[in-house]
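Everything numeric in this text was worked out from a predicted model, so none of it was measured.
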Amino acid sequence: MSQIGSNTTLGTLLHHADSLSTAFNSHHASSLNSVQSVASSYNQLANLLSLPNTPSTRSRPGGGIKERGMVKVQETIEEGLSGVRDDLGKMERDVESLNSLLFQADVYLAEPGTALQHGLNPREALTHVSNLFSSYQSELIRLREVLADFTAETIGPEAFIEEWRVMKEVDKGSQDELSELSDMMGSWGGASGGLDVEMGP
């Protein structure tokens with residue numbers, strides 16, 4: 001494998017890692033729609049529970065507004081939770097793919113000829129992928145715990161939405177990661193003959 005070929009592959013690996021993080025973000029955004037639907041349905045269910053009971057009769061075998069409404073709302077809740085779990089499954093696959101990339105990036109560290117190619121350091125690339133994996137794995141675990149707390153009624157609908165809306169673990173590590181990636185790509189571009197840009201104070 002030539003140095004240029006190896007370097008291109010390493011660059012592609014980095015791009016793939018960033019694409020996986022983007023996919024996770026997209027699946028999280030999609031899941032938020034289901035979370036909001038579930039939370040809204042729980043509030044509707046609480047309102048229905050406050051209504052008086054209507055006994056079933058021959059003309060109303062399903063009961064009154066309360067009873068029929070509760071059946072419908074509970075179906076909506078189950079559909080919403082199913083959607084949340086589906087998107088969590090997609091996020092889990094994104095994280096598993098990031099983990100696989102860690103092993104691919106690690107290969108470059110074991111090859112002396114790829115220690116430094118056109119300024120793109122395999123160790124820095126491995127650190128970038130490792131940081132992404134760590135952040136998104138932690139976020140996945142946190143979201144699972146939030147869902148578990150909600151289904152166990154440890155938290156209510158409003159807290160469910162609030163905890164789900166922001167990716168706390170990803171945000172926590174994103175600033176440092178962006179800085180590291182910028183330094184890495186800047187080093188690569190400079191070593192490849194790119195323009196040196198003097199940064200202002």
Side-chain angles (χ1 to χ4, degrees), residues 15-57 59-102 128-179 181:
H15 177 71
H16 189 191
D18 290 335
S19 295
L20 285 169
S21 67
T22 299
F24 186 106
N25 295 346
S26 176
H27 295 141
H28 173 260
S30 174
S31 70
L32 185 56
N33 294 328
S34 296
V35 167
Q36 291 172 329
S37 173
V38 170
S40 175
S41 295
Y42 260 82
N43 289 329
Q44 291 179 35
L45 186 61
N47 292 333
L48 287 169
L49 286 171
S50 67
L51 296 176
N53 293 328
T54 303
S56 297
T57 63
S59 61
R60 290 185 302 198
I65 294 176
K66 175 180 180 178
E67 290 72 22
R68 294 195 303 272
M70 286 179 62
V71 170
K72 181 60 178 178
V73 169
Q74 286 169 341
E75 290 176 352
T76 302
I77 289 173
E78 287 305 315
E79 290 173 1
L81 288 174
S82 178
V84 174
R85 294 187 183 102
D86 285 346
D87 282 319
L88 267 179
K90 294 174 183 177
M91 287 182 252
E92 181 176 3
R93 288 190 287 275
D94 295 331
V95 170
E96 289 173 350
S97 295
L98 277 171
N99 189 35
S100 296
L101 288 184
L102 275 176
H128 173 59
V129 178
S130 178
N131 288 343
L132 282 178
F133 170 71
S134 178
S135 293
Y136 282 92
Q137 182 187 48
S138 296
E139 189 61 52
L140 177 65
I141 292 171
R142 191 188 73 83
L143 291 174
R144 282 176 173 167
E145 291 175 347
V146 170
L147 178 60
D149 286 345
F150 177 68
T151 55
E153 299 185 354
T154 303
I155 60 175
E158 290 75 16
F160 184 33
I161 293 177
E162 193 62 31
E163 287 296 318
W164 201 276
R165 190 190 309 277
V166 180
M167 294 195 293
K168 295 181 178 180
E169 295 298 325
V170 172
D171 290 345
K172 187 186 300 181
S174 62
Q175 197 61 43
D176 288 341
E177 177 56 29
L178 284 173
S179 177
L181 181 59

Rounded to the nearest 0.5 Å, the CG atom of Asn99 sits from the OG atom of Ser134 at a distance of 11.0 Å
Starting at CD of Glu92, measure out to OG of Ser97 and round the result to the nearest 0.5 Å. 10.5 Å
Test side chain to side chain contact (heavy atoms under 4.5 Å, CB included) applied to Leu143 and His28, step by step: CA-CA 10 Å; Leu143 291 174; His28 173 260; 3.9 Å; yes
Which residues satisfy the side chain to side chain donor-acceptor pair (under 3.5 Å) test with Arg85, sequence neighbours excluded? none
Considering all heavy atoms of both residues, which atom of Glu139 and which atom of Val170 are nearest to each other, and what is their separation? OE1-N, 3.2 Å
What is the distance from atom CZ of Phe160 to atom OH of Tyr42, rounded to the nearest 0.5 Å? 9.0 Å
Side chain to side chain donor-acceptor pair (under 3.5 Å) partner of Tyr136, the single match among Asn25, Asp94, Asn131: Asn25
Does Glu145 come within less than 4.0 Å of Arg142, counting only side-chain N to carboxylate O? no
Is the shortest side-chain heavy-atom distance between Phe150 and Val38 below 4.5 Å? yes
Euclidean distance, Phe24 CZ relative to Leu132 CG, rounded to 0.5 Å: 11.5 Å
Return the CG to CG distance between Leu147 and Leu81, rounded to the nearest 0.5 Å. 6.5 Å
Please confirm whether the backbone N or O of Ser26 pairs with a side-chain atom of Ser30, one donor and one acceptor, at under 3.5 Å? no
Rounded to the nearest 0.5 angstrom, the OG-CE distance for Ser31 and Met91 is 4.0 Å
For the residue pair Ser41 and Val73, what are the closest heavy atoms and their distance? O-CG1, 3.2 Å
Taking all heavy atoms of Arg165 and all of Leu32, pick out the closest pair and write down the distance. CA-CD1, 4.2 Å
Does the pair Lys172/Glu169 count as a salt bridge with the N-to-O cut at 4.0 Å? yes
Side chain to side chain contact (heavy atoms under 4.5 Å, CB included), that's the test. Do Ser40 and Gln44 meet it? Break it down for me. CA-CA 6 Å; Ser40 175; Gln44 291 179 35; 3.6 Å; yes
Please report the shortest heavy-atom distance between Ala39 and Ile161, naming the atom on each side. CB-CD1, 3.4 Å
Check the pair Ser100 / Glu96 against side chain to side chain contact (heavy atoms under 4.5 Å, CB included), numbers first and verdict last. CA-CA 6 Å; Ser100 296; Glu96 289 173 350; 5.7 Å; no
Looking only at heavy atoms, what is the nearest atom pair of Ser34 and Gly80, with distance? CB-O, 3.5 Å
Heavy-atom closest pair, residues Ala17 and Leu98: O-CD2, 3.7 Å
